[in-house]
Chemist: 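Please read through the structure below; I'll follow up with questions.
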Amino acid sequence: MWTDYRKRVLFEDDAVLVLDKPAGVSVMGERHESDLVRMAAEAGETLFPAHRIDKVTSGVILFAKDLAGHGALTRQFNKRTVRKSYLAVVAPGGLPATGTIDLPLSVGRKNRVRIAAPREAITLSGDVWSVPAEAVFDQVPTYPSVTELRVPWQDEQRALVVADPLTGRRHQIRVHLAWIGHPIVGDPLFDKAATGRTHLHAWRLSFDHAGTRITVEAPAPEEFPAFDVSLLD
């Protein structure tokens with residue numbers, strides 16, 4: 001099994017491994033099914049994930065091959081010097097060409113991530129979604145969270161969104177998009193009847209390694225709308 005995932009290598013040297021993870025496979029910690037870290041270990045390879053992406057999300061995942069390298073990579077994520085870009089197909093369309101979702105997150109019942117304010121408090125001013133400070137919950141921990149958006153393609157029914165999370169909160173992109181009224185197609189967090197894959201893909205990752213800025217890109221899944229990548233550079 002691990003040999004199949006080894007065919008999805010995007011970048012590798014003696015210290016790091018970057019894979020294009022398929023949707024439906026966990027990075028680590030899966031209780032009932034194999035995950036990438038466990039499958040690698042069973043094949044005799046020790047990997048340390050520098051970050052996580054959800055099981056339902058496909059795309060770029062970065063591993064260190066030893067603990068020293070893992071610490072160096074995770075510090076970059078903590079300092080927010082790593083640049084991450086995701087592709088998401090949302091419904092409906094009708095988004096501005098660019099935008100910023102500046103909405104704090106909290107954890108509600110059943111450990112579900114939500115916006116840390118009433119839904120009706122969310123406003124769109126120009127191209128920024130936010131809530132007034134007085135609307136933010138003050139009786140639970142809250143976490144500032146910002147996602148930048150670009151929309152290279154859309155029609156009335158759907159939009160292809162490039163989402164750059166400036167903060168790395170759990171389920172951030174999925175919750176942000178859903179709460180502004182444009183949930184990701186097939187996302188079981190917000191559509192219990194969802195079938196097929198969740199249309200969220202970790203597309204690009206840029207990090208510093210061995211004195212060089214490395215940018216790795218996982219091609220967009222076939223079921224995502226086609227778009228001109230050069231328009232985003």
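Excluded from the calculations below are hydrogen atoms, water molecules and symmetry mates; all remaining heavy atoms, backbone and side chain alike, are included.
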Chemist: Would a distance-only check, ignoring hydrogens and angles, find a side-chain to backbone donor-acceptor pair under 3.5 Å from Gln154 to Gly94?
Modeler: yes
Chemist: Is Gln172 reaching over with its side chain to a backbone N or O of Val146, donor-acceptor style, under 3.5 angstrom?
Modeler: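 Pair found, side chain donor or acceptor close to backbone of Val146.
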Chemist: How far apart are the closest heavy atoms of Pro104 and Val136, and which atoms are they?
Modeler: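 Closest heavy-atom pair between Pro104 and Val136: CG-CG2, 4.0 Å.
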Chemist: Which residues pass the salt bridge (charged side-chain N to carboxylate O under 4.0 Å, His left out) test with Lys65, not counting sequence neighbours?
Modeler: Glu12
Chemist: State, with a plain yes or no, whether a side-chain heavy atom of Val27 is found less than 4.5 Å away from one of Phe63.
Modeler: yes
Chemist: Find out whether Val140 and Val107 are in side-chain contact, i.e. whether some heavy atom of one side chain is under 4.5 Å from a heavy atom of the other.
Modeler: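 Of all side-chain heavy-atom pairs linking Val107 with Val140, none is under 4.5 Å.
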Chemist: Where the side chain of Thr57 meets the backbone of Lys55, is there a donor-acceptor pair that is under 3.5 Å apart?
Modeler: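 No; zero donor-acceptor contacts below 3.5 Å.
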Chemist: Verify side chain to side chain donor-acceptor pair (under 3.5 Å) between Glu42 and Trp2, making sure each step is shown before the conclusion.
Modeler: CA-CA 8 Å; Glu42 290 172 351; Trp2 177 240; over 6 Å; no
Chemist: Does any non-hydrogen side-chain atom of Thr147 lie less than 4.5 Å from one of Thr167?
Modeler: no
Chemist: Please tell me if the side chains of Leu17 and Phe11 come closer than 4.5 Å, counting only heavy atoms from C-beta onward.
Modeler: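 A side-chain contact is absent here, since even the closest heavy-atom pair is not under 4.5 Å.
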Chemist: Parallel, tilted or perpendicular: which describes the rings of His51 and Phe77, with under 30° parallel and over 60° perpendicular?
Modeler: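 The rings of His51 and Phe77 lie parallel, inter-plane angle below 30°.
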Chemist: According to salt bridge (charged side-chain N to carboxylate O under 4.0 Å, His left out), who are the partners of Glu148, at least two apart in sequence or on a separate chain?
Modeler: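 Scan of Glu148 (salt bridge (charged side-chain N to carboxylate O under 4.0 Å, His left out), adjacent residues dropped) gives none.
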Chemist: Do Ser130 and Ile122 have side chains that get closer than 4.5 Å, going by heavy atoms?
Modeler: no
Chemist: Can you measure from CG (Leu160) to CZ (Arg150) and round to the nearest 0.5 angstrom?
Modeler: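 Taking CG in Leu160 and CZ in Arg150, the distance rounds to 10.5 Å.
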Chemist: Return the minimal non-hydrogen interatomic distance between Gly93 and Ala159, and the atom names on each side.
Modeler: CA-CB, 4.1 Å
Chemist: When you measure from the side chain of Asp20 to the backbone of Arg8, do you find a donor-acceptor pair of N or O atoms at a distance under 3.5 Å?
Modeler: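 The answer is no, because no donor-acceptor pair under 3.5 Å joins these two groups.
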Chemist: Do the side chain of Asp54 and the main chain of Val56 share a donor and acceptor less than 3.5 angstrom apart?
Modeler: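 No: the side chain of Asp54 does not pair with the backbone of Val56.
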Chemist: Apply side-chain contact (heavy atoms from CB on, under 4.5 Å) to Ile61 and Arg52, showing your working.
Modeler: CA-CA 7 Å; Ile61 182 72; Arg52 304 285 184 91; 5.6 Å; no
Chemist: Under 4.5 Å between any side-chain heavy atoms of Arg197 and Pro221, yes or no?
Modeler: yes
Chemist: If Ile, Leu, Val, Met, Phe, Trp and Tyr residues are connected whenever their side-chain heavy atoms lie under 4.5 Å apart, and connections chain through other members, are Leu10 and Leu205 in the same group?
Modeler: yes
Chemist: Take atom CG in Asp4; do more than 12 heavy atoms of anything else shown fall under 6.0 Å from it?
Modeler: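 It does: Asp4 CG has more than 12 such atoms within range.
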Chemist: At their closest point, which heavy atom of Ala202 faces which heavy atom of Ala218, and how far apart are they?
Modeler: O-CB, 3.9 Å
Chemist: Keeping His182 on the side-chain end and Leu177 on the backbone end, is there a donor-acceptor pair under 3.5 Å?
Modeler: no
Chemist: Using the rule that two of Ile, Leu, Val, Met, Phe, Trp, Tyr join whenever any of their side-chain heavy atoms come within less than 4.5 Å, decide whether Leu62 and Phe48 are in one cluster.
Modeler: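 No, Leu62 does not connect to Phe48 through the hydrophobic network.
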Chemist: Would you say Ile173 ends up clustered with Val113 if hydrophobic residues are merged whenever their side chains have heavy atoms under 4.5 Å apart, either directly or through other cluster members?
Modeler: yes
Chemist: Picking from His199, His171, Arg174, what satisfies side chain to side chain contact (heavy atoms under 4.5 Å, CB included) with Asp187?
Modeler: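 One option only clears the test, and that one is Arg174.
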Chemist: Calculate, to the nearest 0.5 Å, the distance between atoms OH and CG belonging to Tyr143 and Leu105 respectively.
Modeler: 10.0 Å
Chemist: Do Ser145 and Arg169 pass the side-chain contact (heavy atoms from CB on, under 4.5 Å) test, and can you show the C-alpha distance, the side-chain angles, and the key distance before you say yes or no?
Modeler: CA-CA 7 Å; Ser145 304; Arg169 313 298 184 190; 3.1 Å; yes
Chemist: Test of understanding: clusters of I, L, V, M, F, W, Y form through side-chain heavy atoms closer than 4.5 Å, transitively. Do Val9 and Val60 belong to the same one?
Modeler: no
Chemist: Do you know the tightest heavy-atom contact between Arg213 and Ser206?
Modeler: NH2-O, 3.5 Å
Chemist: Which donor-acceptor pairs under 3.5 Å do side chains of residues 81-91 form with protein atoms, sequence neighbours excluded?
Modeler:
residue	atom	partner	partner atom	Å
Thr81	OG1	Gln76	O	3.3
Arg83	NH2	Asp164	OD2	2.6
Ser85	OG	Asp164	OD1	2.6

Chemist: Heavy atoms, side chains only, cut-off 4.5 Å: are Leu103 and Val131 in contact?
Modeler: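 Yes, their side chains come closer than 4.5 Å.
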Chemist: Main chain of Leu189, side chain of Arg112: is a donor-acceptor contact present, judged purely on distance under 3.5 Å?
Modeler: yes
Chemist: Does a side-chain heavy-atom distance below 4.5 Å link Phe190 with Val175?
Modeler: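 Touching, per the 4.5 Å side-chain cut-off.
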Chemist: Applying the 4.5 Å side-chain criterion to the ILVMFWY set and letting contacts propagate, would Leu47 and Val16 be lumped into a single cluster?
Modeler: no
Chemist: Roughly how far, to the nearest 0.5 Å, is the CD atom of Glu217 from the CZ atom of Arg204?
Modeler: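 It is 4.5 Å, given to the nearest 0.5 Å.
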Chemist: Check whether Trp179 forms a cation-pi arrangement with Arg114 (NZ or CZ under 6.0 Å from the six-membered ring centre, at most 45° off the ring normal).
Modeler: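 Judged by the rule, Arg114 and Trp179 form no cation-pi pair.
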Chemist: Of the non-hydrogen atoms in Asp208 and Leu73, which two are nearest, and what is the gap between them?
Modeler: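 Of all heavy-atom pairs spanning Asp208 and Leu73, the closest is O-CD2, 4.4 Å.
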Chemist: Taking all atoms of both residues into account, what is the closest heavy-atom pair of Thr98 and Asp127, and its distance?
Modeler: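 Shortest heavy-atom separation between Thr98 and Asp127 comes out as O-CB, 3.3 Å.
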